[in-house]
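The structure presented is a predicted model; accordingly, all values stated were derived computationally and were not measured. Both counts, for ligands and for their atoms, begin at 1 and track the order of listing.
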Amino acid sequence: MIKIKFPDGAIKEFEEGISIEGIAGSISSGLRKQSVAGYVNSELYDLNRPILVDAEITIITKKDQVAFDILNHSAAHLMAQAVKRLFPNAKFGVGPNIREGFYYDIDAGEQIKEEDLIKIEKMMKRISQEQTMITRSELPKEEALEFFKDDKYKVELISDLPEGEIISLYNQGEFTDLCRGGHIGSTKNIRFFKLLSLAGAYWRGDSDREQLQRIYGTAWFSEEDLKKHLLVLAERKERDHRKLGKQLKIFELNNEAGQGLAMWLPNGYTVRKVLEDYVYKLELKAGYKHISTPVLGTKKLYEISGHWSHYRENMFPVMERDGETFVLRPMSCPHHMLVYKSDLRSYRDLPIRYAEIVTQHRYEASGGLTGLERVRAMTLTDAHLFVRQDQIKKEVLDAYNLILQAIADLGLEIEYVELALRDKDKGKFHDNDKLWNLAESLLKELLAENNIEHTVMTGEAAFYGPKIDIQVRTAMGHVITMSTVQLDFLLPERFELTYIGNDGEKHRPVVIHRGLISTWERLMSILLEQYKGAFPTWLAPVQIKLIPVSLDVHSSYAKKLNDLFIDHDLRSELDLREEKLGYKIRDAQTLKIPYQLVVGDNEIDSNLVTYRKFGKKEQTTISVDDFIVLVKKEIFNKGK
Ligand code: TSB
Ligand code: ZN
């Protein structure tokens, strides 16, 4: 007999060799059905693996995240087995579970085609119906090498393991795979899955090695969960800003221009100008002053600021001319420090809030570039605030609230707020512990005093200080930073900034870096995804589309309306193309234009317009004047 201790502290005796499944079954048949695997003395055990010693156990059920991981890992094996039946020469690389499913890297001996995925899926279903047990066995390294001698990839993987290592294998029917486990008990438990896509992948991620084929899939415990997930995937694809950016003609990326160097098309540029105007007014009301500084600076400038020692990997290489060495700026802070220094400052002048729409360049790894979301040339809604020590908390809070207002005006959803602190990485952060502790505790206090719910991330601070980041979720499901407020005691020291206090002495100001609504690039990606491309009227590149029923008869009235709308500062466009009416209407829909006006006899006779709002079925007929008032009001209120 062995003693089994449960998470609640209870201890029971069982026959030696009992499995997690057996233990779950002894508690209830419901639990047996729900159980997927277990932890035995913290080691992951398959459902049917015999337990031979006294142990503390935790039963993993279908509700646990690990259960999903295990299912998907088993689905990867099931897929490999199916591939092997269809492509007998197939050899296999690695096949892990990933966040929402699994993949397997395969050298099939011939090219697997997109349409083969259906065949593979069918074969997986068949093997599932065969209800084959999935069992674990162990071999010494030499025997494992012998066992897999026909699969050079597995041989390489095994060879990399330490000498004397016991290697675990998982077997199901005619198929055996090298694997650490754990796995589901039988192929019959893998029932609800879908193969999603086929991609190329280099063996061990090395472009000098063999090119394998990677098949992605996803597996779930119920039909309903699978269906739900497939729906999410479909929606995500529709919402991806790269797709919408193309469809709505917002931006263009072309490797001839350079990776991550986006070009703004007329529609995108219009939205950007509207946003710029909006930010300008918002900042004026909040007491900011606007400045403009160059995209180039001397290397020396960034040596003084510390960017050169802490941020160089993110910078493009230097340029030399006439004995001067320049870099493309990755940030505007050093320039703003010099602007502060351009004059004598007294305590009465502070706070000084300098805002700038800053174009800057960062060398981002090419693998991380994602549409407009992460680029190499970007334009930031930036500001640097120069404040006295006694003004820090108020100014940080005001900046934070201004950000919240902007996000609310834009109708965007925040995922969470994050406090980003430093970690022990000396290269990444400046090394004045006193300043770090002061800045970090100030931000912590401020968040606590104002009941601002947040998560804490160590190691994510800027090199010059801690920050409060406002995070949003992208269509691809990952979380990125939208807005930021950063507290900095370092740059004022490096640039020897001072102001004269009311004691007549020189004092050092503190700097607050503020990114209001990110860069135009990232903001556009977020707007596209959160609005699914249907911009609210105040932001829409084209607000009104006029479509004459007949080009001959109705064009001139439509043109009169178009001119009138433009005179009222509305972004109106006339569709005079030689196309069918239905085609033009559909086109306006595809471009998600808020107001679509079809102009015919009825409108001309009565001085009326008939409009259809994007996303609505019904049409409304009102007077021209009322229409203008209606749209202007909507724009003024930002659709709220
Ligand atoms: C706020 N010096 C500060 C500034 O004063 C600064 O540059 N902070 S930052 O490094 O955090 O960048 C500000 C914002 O730019 C980020 O919050 C993020 O929204 C945006 N951003 C950063 N990198 C990229 C990128 N590669 N592509 C698009 N946007 C980016
Ligand atoms: Zn800055």
Side-chain angles (χ1 to χ4, degrees), residues 241 251 253 258-262 264 272 279 283 288 291 293 297 301-302 305-307 310-311 313-316 328-340 353-386 396 399-400 402-403 406-407 410 412 414-415 417-418 420 428-429 457 460-472 474 478-492 494-495 510-527:
H241 79 273
F251 70 99
L253 283 164
Q259 290 183 65
L261 303 174
W264 291 75
R272 181 175 157 160
V279 167
E283 286 175 339
Y288 287 70
I291 60 173
T293 56
L301 184 62
Y302 298 92
S305 67
H307 283 84
H310 298 288
Y311 203 73
E313 280 92 79
N314 288 294
M315 292 164 70
F316 281 94
L328 267 174
R329 68 164 164 204
M331 295 188 194
S332 68
C333 344
H335 281 108
H336 285 204
M337 301 301 127
L338 296 185
V339 173
Y340 177 89
R353 310 180 190 88
Y354 286 137
E356 180 177 355
I357 303 284
V358 169
T359 297
Q360 57 194 25
H361 295 81
R362 294 185 183 175
Y363 171 71
E364 301 275 6
S366 61
L369 301 172
T370 318
L372 281 187
E373 189 179 304
R374 179 162 283 111
V375 288
R376 286 177 171 171
M378 64 200 84
T379 299
L380 177 65
T381 50
D382 204 358
H384 294 93
L385 290 71
F386 299 82
V396 171
Y400 175 77
L402 198 70
I403 288 170
I407 291 176
L410 291 171
L412 297 178
I414 299 172
E415 188 72 15
V417 174
E418 178 180 295
K428 221 166 133 191
F429 307 105
M457 258 318 249
E460 293 294 314
F463 77 83
Y464 43 73
K467 51 185 188 159
I468 299 171
D469 278 349
I470 289 168
Q471 307 290 94
V472 298
T474 73
H478 50 245
V479 174
I480 52 170
T481 303
M482 157 110 183
S483 310
T484 184
V485 187
Q486 311 170 346
L487 192 51
D488 177 3
F489 290 85
L490 180 75
L491 296 195
R494 295 276 178 110
F495 284 90
V510 177
V511 165
I512 299 165
H513 305 242
R514 184 230 58 186
L516 182 67
I517 40 176
S518 190
T519 52
W520 295 142
E521 287 75 14
R522 180 168 292 183
L523 175 63
M524 180 53 84
S525 77
I526 295 166
L527 286 170

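Below 4.0 Å from some heavy atom of Asp382 lie the following atoms of ligand 1, by number and element: 1 (C), 4 (C), 5 (O). Close contacts of ligand 1 with Cys333, meaning ligand atoms under 4.0 Å from a residue heavy atom, involve 2 (N). Close contacts between ligand 1 and Gln486 involve ligand atoms 3 (C), 8 (N), 9 (S), 11 (O) [criterion: under 4.0 Å to a heavy atom]. The distance from ligand 1 to the heavy atoms of Gly515 drops below 4.0 Å at these ligand atoms: 1 (C). With ligand atoms numbered from 1 in the order given, ligand 1 contributes 18 (C), 19 (O), 20 (C) to contacts under 4.0 Å with heavy atoms of Ser518. The ligand atoms of ligand 1 that sit less than 4.0 angstrom from a heavy atom of Glu364 are 23 (N), 25 (C), 26 (N). Near Glu373, the atoms of ligand 1 lying under 4.0 angstrom from a non-hydrogen atom of the residue are 27 (N), 28 (C).
Taking only nitrogen or oxygen atoms, main chain and side chain alike, Leu380 does not reach within less than 3.5 Å of ligand 1. Considering backbone and side-chain N/O atoms, Thr481 comes within less than 3.5 Å of an N/O atom of ligand 1. Note: an N/O pair closer than 3.5 Å links Arg362 and ligand 1 by distance alone. Note: an N/O pair closer than 3.5 Å links Val375 and ligand 1 by distance alone. Considering both main-chain and side-chain atoms, Tyr464 comes within under 3.5 Å of ligand 1 through a nitrogen or oxygen pair.
Shortest contact from atom 29 (N) of ligand 1 to any protein heavy atom: Thr519 OG1, 2.9 Å. Met378 SD, 3.5 Å is the protein heavy atom nearest to atom 24 (C) of ligand 1.
A donor atom on one side chain and an acceptor atom on the other are found under 3.5 Å apart for His478 and Glu373. A donor atom on one side chain and an acceptor atom on the other are found under 3.5 Å apart for Tyr311 and Arg362. Checking Thr379 against Thr519 by side-chain atom types alone, no donor-acceptor pair falls below 3.5 Å. For the 3.5 Å distance criterion, the side chains of Glu313 and Tyr363 fail to qualify, holding no donor opposite an acceptor.
Across Tyr354, Tyr464, Phe489, a single residue satisfies ring pair (Phe, Tyr, Trp, His ring centres under 6.0 Å) together with His513, and that is Tyr464.
Listed for the Ser483 side chain is no donor-acceptor partner under 3.5 Å among the backbone atoms of Thr481. No side-chain donor-acceptor contact under 3.5 Å links His384 to the backbone of Ile512. Under a 3.5 Å cut-off, the side chain of Asp469 and the backbone N or O of Gln471 do not form any donor-acceptor pair.
The shortest non-hydrogen separation linking Ser518 to Thr381 is O-OG1, 2.8 Å.
Under the 4.5 Å side-chain criterion, counting only non-hydrogen atoms from C-beta, Met524 is in contact with Trp264. Leu516 is listed as a side-chain neighbour of Val279, based on a closest heavy-atom distance under 4.5 Å. By the 4.5 Å heavy-atom criterion applied to side chains, Thr293 and His336 are counted as neighbours.
Excluding waters, the set of protein N/O/S atoms under 2.8 Å from the Zn ion (ligand 2) reads Cys333 SG, His384 NE2, His513 ND1.
Residue-level proximity to ligand 1 for Phe463 is absent, since no heavy atom of it falls below 4.0 angstrom. When heavy-atom distances to ligand 1 are checked against a 4.0 Å cut-off, Arg514 comes that close only through its backbone atoms N, CA, C and O.
Here Arg522 does not pair with Glu364 in a salt bridge; the nearest charged N to carboxylate O distance is not below 4.0 Å.
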TODO: Before giving the answer on salt bridge (Lys or Arg N to Asp or Glu O under 4.0 Å), spell out for Glu521 and Arg376 the whole-Å C-alpha distance, their side-chain angles and the decisive distance to 0.1 Å.
DONE: CA-CA 10 Å; Glu521 287 75 14; Arg376 286 177 171 171; over 6 Å; no
